[in-house]
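First the structure, in the form of structure tokens, and then the observations on it.
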Amino acid sequence: MDKRLKKGFIIGLFALIFFIISTLVINVIVKNKLVRGINNFSETIKIEYQGVHVNSLTGSVVLVHPKILVYGSTTSNINLQIELEKLSINNLSYWDYFFDDKINVKSISFDQPKTIYHHNSLVSLKSSRDSFDGASRKDIEIGAIKVINGHLSVFDLANDSLLLKSEEINARVNMVVIKKSSLEHKIPFTFQDYLLTYNNLFYQLSDYENLFIKQAHFNMDFYKIKNLSIKTKYSKEALSKQIAVERDHFDLNIDSLIIKNHDFGVKNDSVFYFKSDQIDFYQPKLIIHRDKLVADNFNYKSLYSKILRNFNFGISLSKVYLNNATVVYTEKVNEDPKGGRLEFSNLNAEINNLSNTYKHGETKTSVHIDAIFMKNTPLKVDWNFDVMDTNDEFIFKAVIGTLDANHMNQFMEPNLNIRLNGKINKNYFTISGNDHTSRIDLKLHYDDFDIVILKKGGEEKNKLLSGLINLFVSKDSQNKSNTFRYGHGKDIERDKTKSVFNYLWLNIKAGLLNAMTGDGKEN
């Protein structure tokens, strides 16, 4: 072998051996430094692990079977526990770390994290964030944060009840930046885009209702949720025993919903906001039951405009669609298990400008509804109000098609001891009002109308009362001058301890009575 070639070979071999040894030494040094850093990460954050793999050439670290424990800043209780198959940090930039005073990492991967969090309602969010003080005093840039097949459980620290649970969580957040100067902000980081999917979510909405989601897919373009439901955790009978005053029993099921062109964040680092160009609800079915034998709830009930106006966050939804919805309301006023029933089916609605971010007088929220009432009666509704109007003025218009009075009897008989006979062919009405009073203008076309007052048992006719009331009711709307009878009502006071729908009913009742018992002429 040529001497120069041999010499070059020997030098290259020694260089390779030196490089390998140097790399191994650097790996050991970095590993030892990392281990010391992990062991002294924070007074309130402890990290356990089964192994550490370091590759100083690529700036990569893998923790094998790590367990991360976060303790309360004032107690020794474990608030947060995360167990993983592995935690991978890939491609740390040494240059940025040593010379630019920042941490720059290509990616961080959490593989099969099982997270258990104990929520303490007495501890503020700021106190929780303080637990992480001292973890890093450098700016941080991460190319991607990935969660692979995670599980999450959140418990109430006070009673160890389950507040939130989800499975098969997969997430990716790209270009995450955390600045030292932004750590005190509500959202102390920025990101470029994200993807989140999860299955089988459970969330305790309140002491009485739970939320369930079978599957969810979130990204920067749209949210898609499948099989969402909100249910009262008790049966109807058990709920009545649990509550001191009236409370609705809920059973809501939504096949799917899609949120398009959305945005969210914190405005001026104080108020959270969410906006979307369009939200579609597909085949929502809501069943509400109220036990009227439970004591009345006399708390003030706000109109929808005031509820939206008083949200503690900004909401701006350009369009909301309900597609093929069903609403069923049942009411129990006596021991009869059947109770009264009202049903709306094939309900399609378009809601425009559902928002509390515009100025008073700038625009109005409008609701357009097409539905079938009580199996075969078409119903159209146009409703509008200005959310930012502190007087809560509104206009509610409706057109009701042919309605056989017998279809109302399943609600009227058990609840009001009244049976209706006859048919309403057409009913138009407009209600205009505010939070205090309203008026109604109504016109009505009906045939052979008869009101039967029932005795206390609800089966026998009270002939005397039925005869007296029908003396004042026009049997039909036919007359020589007009086919419609007109009804009016004004200064109708709202019962502020009852719902919006009770307010509507007070107006409709006043208009119907005036149309049937008055002169029936247009005012």
Face-on cation placement of K443 at Y428 ring, 6.0 Å and 45° thresholds: yes
S256 OG to I258 CD1 distance, which is reported to the nearest 0.5 Å: 6.0 Å
Short side-chain donor-acceptor distance under 3.5 Å, Y304 and D392: no
T365-N353 side chain donor-acceptor pair, cut-off 3.5 Å: no
Heavy-atom pair with the smallest gap, counting every atom of V176 and I145: CG2-CD1, 3.9 Å
Salt-bridge criterion met for E209 and R247 (N-O under 4.0 Å): yes
With sequence neighbours excluded, residues passing salt bridge (Lys or Arg N to Asp or Glu O under 4.0 Å) with D251: K231
Under 3.5 Å side-chain donor-acceptor pair for E168 and N199: yes
K490 side, atom NZ; T437 side, atom OG1 - distance, nearest 0.5 Å: 11.5 Å
Over all atoms of both residues, closest heavy-atom pair of F218 and I225: CE2-CG1, 3.9 Å
Student check: side-chain heavy atoms of V245 and I243 closer than 4.5 Å: no
Donor + acceptor pair across side chains of Q204, N210 (<3.5 Å): no
E493 and H436, any side-chain heavy atoms less than 4.5 Å apart: no
Closest approach of D291 to L293 (non-hydrogen atoms, all atoms of both residues): OD1-N, 2.9 Å
Check against side chain to side chain contact (heavy atoms under 4.5 Å, CB included), F385 and V387: CA-CA 6 Å; F385 49 85; V387 170; 3.9 Å; yes
4.5 Å side-chain heavy-atom contact, L205 and I230: yes
K332 vs K292 side-chain heavy atoms within contact, under 4.5 Å: no
Pairwise side-chain contact, I492 with I440, heavy-atom cut-off 4.5 Å (strictly under): yes
Pairwise distance CD1(I116) to NZ(K165) - rounded to 0.5 angstrom: 10.0 Å
Within-4.5 Å side-chain heavy-atom neighbours: Q192 and N174: yes
Greater than 12 external heavy atoms within 6.0 Å of K319's NZ: yes
Side-chain (S276) to main-chain (K260) donor-acceptor, under 3.5 angstrom: yes
Expected output: side-chain Q242 to main-chain L239 donor-acceptor under 3.5 Å: no
Stepwise side chain to side chain contact (heavy atoms under 4.5 Å, CB included) test for F394 and Y503: CA-CA 12 Å; F394 67 91; Y503 197 17; 3.8 Å; yes
Side chain N356, main chain I315, donor-acceptor under 3.5 Å: yes
Any donor-acceptor N or O pair under 3.5 Å, side chains N507, S438: yes
N/O donor-acceptor pair under 3.5 Å between T377 side chain and T402 backbone: yes
Aromatic contact, F222 with H217 (centres under 6.0 Å): yes
Candidate pair L152 and I169, rule side chain to side chain contact (heavy atoms under 4.5 Å, CB included), full reasoning: CA-CA 8 Å; L152 172 65; I169 303 169; 3.8 Å; yes
Short side-chain donor-acceptor distance under 3.5 Å, H360 and D386: yes
Check: H488 main-chain N/O paired with N514 side-chain donor or acceptor under 3.5 Å: yes
Y203, OH atom: more than 12 neighbouring heavy atoms under 6.0 Å: no
Under 3.5 Å donor-acceptor, K233 side chain and D207 backbone: yes
Residues 366-374 side chain polar contacts: donor-acceptor under 3.5 Å, at least two apart:
residue, atom, partner, partner atom, Å
S366, OG, N352, ND2, 3.3
H368, ND1, D382, OD1, 2.4
D370, OD1, K380, NZ, 2.4

Set of residues satisfying ring pair (Phe, Tyr, Trp, His ring centres under 6.0 Å) with respect to F313, sequence neighbours excluded: F311
Polar side-chain atom of N391 near backbone of E393 as donor-acceptor pair, under 3.5 Å: no
Residues T430 and D441: side-chain donor-acceptor under 3.5 angstrom: no
K397, NZ: over 12 other non-hydrogen atoms inside 6.0 angstrom: no
CA sep, side-chain torsions, deciding dist, call: V328, R341, side chain to side chain contact (heavy atoms under 4.5 Å, CB included): CA-CA 7 Å; V328 177; R341 178 185 173 95; 3.5 Å; yes
Side-chain heavy atoms of L228 within contact of L257, under 4.5 Å: yes
Closest non-hydrogen atom pair, K301 against S499: CG-N, 4.4 Å
Check ion pair D435-K306 (N to O, under 4.0 angstrom): no
Value rounded to 0.5 Å, distance of NZ in K146 from CZ in R172: 5.0 Å
F250: ring pair (Phe, Tyr, Trp, His ring centres under 6.0 Å) partners, not counting sequence neighbours: none
Point-to-point distance, once rounded to the nearest 0.5 Å, from NE2 of H289 to CD of E331: 9.0 Å
Listed partners of H262 passing ring pair (Phe, Tyr, Trp, His ring centres under 6.0 Å), at least two apart: Y223
Closest non-hydrogen atom pair, L317 against S355: N-CB, 4.5 Å
Partner set under salt bridge (Lys or Arg N to Asp or Glu O under 4.0 Å) for D389, not counting sequence neighbours: none
Stepwise side chain to side chain donor-acceptor pair (under 3.5 Å) test for Y329 and D248: CA-CA 10 Å; Y329 174 78; D248 289 335; 5.4 Å; no
From W383 atom CH2 to L504 atom CG, the distance as rounded to the nearest 0.5 Å: 6.0 Å
Main-chain N/O of W505 paired with N502 side-chain donor or acceptor, under 3.5 Å: no
Within-4.5 Å side-chain heavy-atom neighbours: L442 and Y486: no
Check: D156 side chain, A158 main-chain N or O, donor-acceptor pair, under 3.5 Å: yes
Shortest non-hydrogen contact between R494 and K498, atoms and distance: NH1-O, 3.6 Å
N/O donor-acceptor pair under 3.5 Å between N348 side chain and N324 backbone: yes
